[in-house]
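Only a predicted model underlies this, so the values are computations on that prediction, with no experimental measurement involved. A, B, ... follow the sequence lines: proteins, then strands. Residue 1 opens every chain.
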Amino acid sequence: MLQLIDLHKTFDQPTGRITVLGGIDFHLEAGQSAALLGESGSGKSTLLHLAAGLDHPDHGDIKINGQSTRHHTEADWAEQRRNHISLVFQQFHLIPTLTVLDNVRLQARLCGRMDPDYEHQLLNRLGLATLTHRLPHQLSGGQQQRVAIARALLHRPPLVLADEPTGNLDEHSSESVMALFVDLVREAGCTLLMVTHSAAMAAYLDQRWRLHDGTLSREGEVA
Amino acid sequence: MSGLASLRRLMWVGLTLLSHYRRHPAQTAFLIIGLVTGVGIWSAVQIINSHARASYAEADQVLGAQASHWVRASDGGGVDPDAYIQLRRAGFTQLYPVIETRVATDAGEPLWLIATDLLALPRSEGSIDASGAGWLAMIQPPYQTWYPPELAESLGVAPGDTLTLSDGRTLPPAVPQSQQQQGRRLFMDIGAALDVLDRDRFSYLAAAGLDADTARELEAALPSGLRLEPNRQRLDLNQLTESLHTNLTAMSLLSFAVGLFIVFNAVRYALLSRSPTFHTLRELGASGRQLSFAILLETGVWSLIGTGLGLAVGFGLSQVLLPPLAATLQSLYGAVVGADILLRPSTWLLAWGITLAGLVFALAMPLWQESRQSVRAARDLSDRWVRDRTARRRLAWVGLILALAAGAVYSQMTTVLVGFVVLGLALFAAAFCLPVVLGAVLGWTLRALPEKAWQLRWAFSDGGAQLPTLRIAMMALLLALTANLGVETLVGSFRTALTDWLDQRLAADLYLQRDSLTREELNLPADADWLAASHQRVGLDIRWRGRPTEVRGLEPEAPDSRALPLADSSNELSLWYVWDTDNPVILANEQVRHLAGVESGQTITLSTGLGDRSFEIVGFVHDYGNPYYQFYLPRGEVERLWPGRAEPQGLALWLSDRPDAEASAEAALLAAGAQAGDWIRQAQIKTVSLRIFDRTFAITAAMNGLTLGVAGLALLTALLAIHQQRLPDYAHWRSLGVRYREMGRVLTLPLAVIVLLTWLASMPLGALLSWLLIHDLNVLAFGWTMALDWDWAPAIRLGLLTAGVVAAALAVSLWRLHRQLPEALRRLGGQS
Ligand SMILES: Nc1ncnc2c1ncn2[C@@H]1O[C@H](COP(=O)(O)OP(=O)(O)OP(=O)(O)O)[C@@H](O)[C@H]1O
Ligand SMILES: [Mg+2]
């Protein structure tokens, strides 16, 4: 589903040029889930951004569904995300002027994959059924995060990329929300790559990868 | 020591706050643009106003900075040269004669001609350089006419040329002479003027530096029929032109207010993005007082920058605005305004003061609030649009209070100044109520849209997020549109009224302009078959109630007398046509009614050559463009009451409908001693009149354009601010795969609706404004009444113009957005 081939990424900083990703190779089968671990500043978010086309590598290729994106324009990437990739960030990024329901439906509407039954099921499982007509600022942080999750999954995207999706929540709610999230992703048959700091969370997923000194290695597999 | 430390700390706080502007050049640019346009337009008008006033004072200096008194004929006629010689022989050497008259070139261009006796001119009036041979040539035939060089150039007169006047006379050879004080006047020797203009009287005698005793002696020595009066020319000009200057000041203040809107916008935006800085500074231990000081410092810095740059721009702008203003003053009042502008320290100080006041309003207030605000509100921007609903409602309450105040003041409106206060209150009341209306309409539409139209609903809900930043720009736009519509309607109505009035007033086919060629002198055959009717007017200038006043003698049976353009149908005009010596009645122009406050049926007293006489007013006549009072009597009465004083005022000829009437008329006129060029066709006069009218209102058009331009800038800055501020939102939309086209639709649609609503709101408001201007202010200022003539064309033109401005602003803003988005995408999900 998602394949990263020899990805390189450097950043220019006041102190000089730093190499964040120094040749990353990574492969994730459809329907699999992987946790991306690493110290702060190790480049996890950078890797996720490249995978979503929000930023571009200096070198290397990203294959989605076996197709190279080497020649993707910014607009091609937008179409790719519209139809195939869902992003979940630490900031929930809800649209503040839209109701919960409109927020949840937004991406499904964009790619034209509305599913009323699934929507009903999602809202119930995420405990949002009674909140559909509220505006985001009238929700708690956990509720907002669940809206973001519902929005990311309603159209059942082939690939879900999540960057510390619970960073803003306390540990207890974060764990229950995450467990629910991973269950829902699995049930929907999506492929998931998730950045997390929590070992418990990582244990819940199929694979664990660690980013260190610009290289990526699979946990439990000593190179 | 601790004082120094706290000072250092203060500097540190101030510099931290100011450093924001260095890192955000766009915000700095908005702030400066707002300040500079506001201060620039305001100070431009201020500069030309004070310049015009200075010019009036200078105009006096041609012949009498020290002319404390004038000797005039009580009946308004001129002063006999014999009387002058007699007075000088009696030792009143302070006296010098002046001829001052308005003439027109054969092209209809109005000119002022002024003449005096250079020999009699006191030393203190040494402003005219008349040394040596130049002086001799001036007082001997063929004489000289001195032209200010710019005037000679604009008239196309070369040195030595002799200019032909509309009455057929020729002026002495031209000499370009740079006399500062002369303005746009022609200058001649008094003997030459008597000769060339074929006059036997001076306009008046001027007296320089009369002390009270001498004045009393002079008064006693005056022959009967002459009167000593204090020099009032300057007073007259100031009085006459005051309304116009008030007008301009009001318009410039409006531009200033619109400029302040930009500043306000920029500041609010700078504030929002500086909230974290405030927060940090508080955390680092800066006290509230230190923050306040720092804010004051910031306000001071900005006010100096704004004043300096604004005055520079205003100075340049005043050079552009001066020519149309000079044209207005010249054609309305005959007032002469020089071309050189000076920047006075007082203007500088006033500009700084007003900038500072404006900035305190726009910058210090919200900054101060921010510095006191709790930590809570500072970080959270996401629900700002929700909180804005409360702010909008509060604004609307202020608007309502302003509207009530406007209503209350309206009933007390007696001067032009108060009139403008009412206008201002009404305009701002409407502007303050606008946001609540915009929010409500967006909300209603959102609720009315069906579930399926999700993109539309998204767009309309997004309007709610744009409104907090847009509303100020929309208020500015509403002000600008309303002012434009109101003033355009005023000018349009005025033009319609003037055209109708000219049609009525200029009913004759030919006008003989040479004043010396009267009907009697021409001896036209009364039974000529080309002639249907004729009207020989006479007239003279007098003073009445302290203002220059014209008395006109009409022939009651003439066609145009029968169809006088009445201001009020209830007038008992019939009384005027049937002259009853026991019960003398008079017609007046409506300026007499509205400026002097005389009503129909009341009695007024004029000083005539036969002593004071009383007349009952029986009607008022429209008399557009005339700053003077004017009274109409039958020609016979004028000649009887002011014997020998009434001058011919032109002969009007109505042609019969014979096909060769015009040719016969011209042949007959030539045969009777007139020259080609002595007469002018009706259409020609109308063209000249309308041209003068259009030139008069050129300044208004310029101010209108400027105000709209400033509003356009306000809109652009608001859009840039919105997009800058919401860039992370947009990046997020893009991360969801929203296409640019869809994004553009969501952003543009609510903006279009908001602008459309603002434009719609400007129409009833513009109508109200023009109604106030026409119904009240114009009457207070000029004493002219006219019908409001609503035209959709300006409204539509403004609508299209606004659409263009919005489209341009949006294009610039979206283009910037498009360029910044990739970077914003990269930062998406980042910590800040
Ligand atoms: N736009 C940028 N310009 C320069 N340097 C950058 C940029 N974005 C990221 N970096 C640097 O790249 C490195 C990796 O950043 P990244 O955000 O990917 O780390 P992370 O692993 O997600 O850390 P965290 O766990 O704290 O979120 C950091 O040193 C960061 O400072
Ligand atoms: Mg990260």
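In this structure, Arg734(B) and Leu54(A) have side chains that are not in contact, with every pair of non-hydrogen atoms separated by 4.5 Å or more. Side-chain contact between Asp55(A) and Leu825(B) is absent, with no heavy-atom pair separated by less than 4.5 Å. Using a 4.5 Å heavy-atom threshold, the side chains of Arg109(A) and Gln455(B) count as separate. Using a 4.5 Å heavy-atom cutoff, the side chains of Trp458(B) and Ile95(A) are in contact.
No other option in Arg151(A), Arg105(A), Gln80(A) has as many heavy-atom pairs under 4.5 Å with chain B as Arg151(A). No other option in Gly737(B), Pro822(B), Ala731(B) has as many heavy-atom pairs under 4.5 Å with chain A as Gly737(B).
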>> With side chain to side chain contact (heavy atoms under 4.5 Å, CB included) as the criterion, how do Leu736(B) and His93(A) come out once you've worked through the C-alpha distance, each side chain's angles and the decisive distance to 0.1 Å?
In response: CA-CA 10 Å; Leu736(B) 292 175; His93(A) 285 312; over 6 Å; no
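Put simply, NE2 on His49(A) and OG on Ser735(B) are 9.0 Å apart, with the number rounded to the nearest 0.5 Å. Distance CH2/Trp733(B) to CG/Leu106(A): 9.5 Å, rounded to 0.5 Å. Atoms CG and OG1, on Leu442(B) and Thr97(A) in that order, are 11.0 Å from each other to the nearest 0.5 Å. Here Arg457(B) contributes atom CZ and Leu98(A) contributes atom CG; the two are 8.0 Å apart, rounded to the nearest 0.5 Å.
Under a cut-off of 6.0 angstrom, the local environment of CZ in Arg113(A) is crowded, with over 12 non-hydrogen atoms contributed by other residues, nucleotides or ligands. Atom CD of Glu39(A) has 12 or fewer neighbouring heavy atoms from other residues, nucleotides or ligands inside a 6.0 Å radius. Enclosure of atom CD in Gln138(A) by more than 12 non-hydrogen atoms of other residues, nucleotides or ligands within 6.0 angstrom is indicated.
Only the side chain of Tyr740(B) comes within contact range of chain A, with heavy atoms under 4.5 Å apart. In this structure, chain B has heavy atoms under 4.5 Å from both the backbone and the side chain of Ala75(A). In this structure, the portions of Glu451(B) lying under 4.5 Å from any heavy atom of chain A include both its backbone and its side chain. Contacts between Leu135(A) and chain B at a heavy-atom distance below 4.5 Å involve the side chain alone, from C-beta outward.
Under 4.0 Å is where a charged nitrogen must lie from a carboxylate oxygen, and between Glu74(A) and Arg826(B) no such pair does.
For the pair Arg82(A) and Val738(B), the tightest heavy-atom approach, listed with the atom from each and the gap, is NH1-CA, 3.9 Å.
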